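Here the structure is a predicted model, which means the values were calculated and not measured. Convention: sequence-line order gives letters A, B, ...; per-chain numbering from 1.
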Amino acid sequence: MLNIALIREKPDWVKEEIKKLNDEAALNRIDCIVELDAQRRETRTRIETAQAARNKLNRAMGKLRGNKGMADEEKANRAQLAAAALGVRDYDRASRLMDGSEPAIHDEHVELTAAFDELIRELRIMGDEIDEGFERIAAIEGELRENMLWIPNLPHSSVPVSDSEEANVAHQPVGTFREFDFKPKPHWELGPALDIIDFERGVKLSGSRYYLLKGWGARLQRALISFFLDQARTNGYTELYTPYIVHSEMLYGSAQFPKFQDTVYGIADEDKFLLPTAEVAITNMHRDEILEESDLPLNYVAHTPCFRSEKASAGRDVRGIKRVHQFEKVEMYKLTTPETSYDELEVMTRQAENICALLDIPYRRLEIVTGDLGFSATKKYDIEMWSPGCAEWLEVSSCSNTEAFQARRAMLRYYPSGTRKSRYLHTLNGSGLATPRVIIAILENNQQADGSVVIPEVLRKYVGGADAIKADGS
RNA sequence: GGAGAGGUGGCCGAGUGGUUUAAGGCGAUGGUCUUGAAAACCAUUGUACGGUCUUCCGUACCGCAGGUUCGAAUCCUGUCCUCUCCGCCA
């Protein structure tokens, strides 16, 4: 979520920024937000002042009714006078009469019960008005929040401005592109030939975009996950094992909801969902907490399966395991101070790149333009591995700074050293890395003329020293 | 899944529907005292939002959401979570 004060103070500037993001619908909400915010504050001030008077009167009522030292005669008289004062909305006088701080002139006999009934009637009228006011506030705030939840994060000033993902700035590729003396095959041929990816049976079990890894396929994936986690640990990340099913609030916290509600899988009859990424669990881990600056940065890493419905990309990338409903990912995550988050983004991105380098697969960094930033990032780098079989760059990591966008939604705060005034912290996330696409890249880059696949050096210690996957299964 | 007991501030823990502050303690912070520390004593104490916004004022928050009432931590309903016992289970 954006800071509402920013929209209040610089609505035109915010609109200009949103224009860079290709989000027409969000743009149209800004005027509405400004209006609702003004209404909200005006109504709140008015109703809360009335509520203050009401609280005071109710306390005075208790004092009057429970005052053992006061004769019924005087109580009745005060109640009657207070009711009259309430009738002309003189709340101060009414409360002084009730709590005894203003003398009451006793001029006529008043019946106690009748006087209190009259007073309670006046208080009820006042209370009903205020209750209506609070209902109005709740309605306004609900509508305001609903609008705010649909406003994307604003781009960092260093992000190239463009609406087209074609314009993403590709850095110089790193690594050696292998020269093949045969035509490299795509993984959807290599996998079945080696009997390590079984598409038919995956589909039999669960439908399209599901697959089954078998033998070396499953083993290679497990090796990769261990390797990724060990790399992250070496880089100072604390490993987490998180729930894979979370409450819907968590998806609001990490900003998948409400906009991307149809990209996740829900649990029947429960308000819970399968993780589309570990980011959701980690973002909300410190929800509603206030950390100390000395705790930061917090670096976490978690391996989880990721479940995605991929409704938006129906029909695209249906071949192979490039885009699937279930995959394994190792996610790096940082909670930092606002001062350090951009430096940390560079650090995290280099760490992701380093994993590609260690696997000895050619890769490149993409600097994502404003129009392709997504909903929550202020700045984002993608890392792509080259896959000679399908002859394309495959996104294997995406590293983002969301600044305080998720922190504001999930209430992630910290006390700067020496103060007790909390601030929102910054959050960053980056894959490090995701398996099915890395498996694709390894199969396609390391395939040999005889159909075998060489196992990257760094993975061998995870597979008992084996150096190749052969068609005969050895 | 069944039965029961509970959810109160950073922590522990009181709290007959009212008579202006959620008692008291612990912890933390500041101060007094001290050569320094401890002890003792004094003071302070959360979050969010709003107000002519650093120290002032107000509103809301006693798991969460509703309800009853002039007034709810307290009464009612629902819900989530925790604990104990039983059942099941890796």
Side-chain angles (χ1 to χ4, degrees), chain A residues 1 3-5 8-9 36-72 74-75 78-80 82-83 85-87 89 91-92 94-102 112-138 140-142 144-145 148 241 243 245-250 252 267 269-272 286-292 294-295 404 407-424:
Chain A
M1 224 153 31
N3 185 351
I4 183 76
R8 182 187 306 148
E9 283 154 25
L36 285 168
D37 177 55
Q39 268 182 44
R40 180 184 94 89
R41 290 190 301 150
E42 187 278 319
T43 312
R44 237 186 205 290
T45 307
R46 191 158 46 78
I47 299 303
E48 284 184 354
T49 306
Q51 175 71 349
R54 181 200 201 178
N55 285 344
K56 204 171 164 196
L57 287 163
N58 280 326
R59 278 193 298 265
M61 174 65 147
K63 205 170 176 183
L64 176 63
R65 179 165 268 182
N67 190 338
K68 298 212 166 63
M70 191 183 282
D72 284 358
E74 185 178 352
K75 284 185 187 177
R78 283 180 178 278
Q80 191 201 36
L86 283 182
R89 302 193 174 223
Y91 302 133
D92 283 344
S95 111
R96 284 198 305 274
L97 283 161
M98 285 155 74
D99 71 16
S101 60
E102 174 165 321
L112 184 67
T113 314
F116 269 108
D117 284 350
E118 177 62 14
L119 180 54
I120 285 170
R121 206 175 63 83
E122 288 294 342
L123 283 169
R124 185 187 296 133
I125 292 167
M126 180 188 186
D128 287 349
E129 282 173 17
I130 292 169
D131 287 346
E132 262 173 55
F134 276 121
E135 276 167 34
R136 210 154 51 238
I137 290 170
I140 292 168
E141 290 185 346
L144 180 60
R145 181 179 159 76
M148 287 295 285
Y241 172 79
I245 296 172
V246 293
H247 291 293
S248 62
E249 299 97 276
M250 307 310 148
Y252 283 97
I267 305 298
D269 303 324
E270 291 192 68
D271 189 27
K272 291 177 184 167
H286 293 289
R287 169 180 272 267
D288 295 326
E289 294 178 21
I290 306 180
L291 304 168
E292 297 294 336
S294 55
D295 298 333
R408 212 170 269 120
R409 289 181 174 226
M411 294 301 277
L412 310 174
R413 291 155 296 168
Y414 77 102
Y415 291 119
S417 305
T419 78
R420 289 283 98 182
K421 181 87 184 149
S422 69
R423 282 173 93 191
Y424 290 111

field: Base of G58(B) paired with side chain of Glu48(A) (donor-acceptor, under 3.5 Å)
entry: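 Answer yes: a donor N or O sits under 3.5 Å from an acceptor.
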query: Counting only N and O atoms by type, is there a donor-acceptor contact under 3.5 Å from the side chain of Arg40(A) to the main-chain atoms of Glu141(A)?
result: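 A pair under 3.5 Å: no.
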field: Polar side-chain atom of Arg409(A) near backbone of Ala404(A) as donor-acceptor pair, under 3.5 Å
entry: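 Absent.
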Looking only at atom [atom1], what distance separates [N] and [M], rounded to whole Å?
{"N": "A60(B)", "M": "G71(B)", "atom1": "P", "result": "12 Å"}
{"N": "G25(B)", "M": "G13(B)", "atom1": "C1'", "result": "8 Å"}
{"N": "G9(B)", "M": "A14(B)", "atom1": "C1'", "result": "13 Å"}
{"N": "G63(B)", "M": "U55(B)", "atom1": "P", "result": "30 Å"}
{"N": "A22(B)", "M": "A73(B)", "atom1": "P", "result": "10 Å"}
{"N": "U69(B)", "M": "C80(B)", "atom1": "P", "result": "27 Å"}

Whom does [N] pair with, Watson-Crick or G-U wobble, provided both distances fall under 3.5 Å?
{"N": "U44(B)", "result": "A28(B)"}
{"N": "A39(B)", "result": "none"}
{"N": "A73(B)", "result": "none"}
{"N": "C33(B)", "result": "none"}

task: Count the heavy atoms of every other residue, nucleotide or ligand shown that sit under 6.0 Å from CZ of Arg46(A), and state whether that count exceeds 12.
output: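 Counting neighbours around CZ of Arg46(A), more than 12 heavy atoms of other residues, nucleotides or ligands fall under 6.0 Å, so yes.
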Between protein and nucleotides 61-63 of chain B, what N or O pairs are separated by less than 3.5 Å?
none

field: Which nucleotide in G50(B), U20(B), U59(B) has an atom nearest any side-chain atom of Arg8(A)
entry: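 The nucleotide sitting nearest to the side chain is G50(B).
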Dump the pairs, protein N or O against N or O of nucleotides 70-72 of chain B, anything under 3.5 Å, distances to one decimal.
unit_1, atom_1, unit_2, atom_2, d
C70(B), OP1, Arg124(A), NE, 3.4
C70(B), OP1, Arg124(A), NH2, 2.5
C70(B), OP2, Arg124(A), NE, 3.4
C70(B), O2', Asn58(A), OD1, 3.0
C70(B), O2, Asn58(A), OD1, 3.4
C70(B), N4, Arg65(A), NH1, 3.2
G71(B), OP1, Arg54(A), NH2, 3.0

Check nucleotides 45-48 of chain B against the protein and report each pair of N or O atoms closer than 3.5 Å, with its distance, or say if there are none.
unit_1, atom_1, unit_2, atom_2, d
U47(B), OP1, Tyr415(A), OH, 2.7
U47(B), O3', Arg413(A), NH1, 2.9
A48(B), OP1, Arg413(A), NH1, 3.3
A48(B), OP1, Ser422(A), OG, 3.0

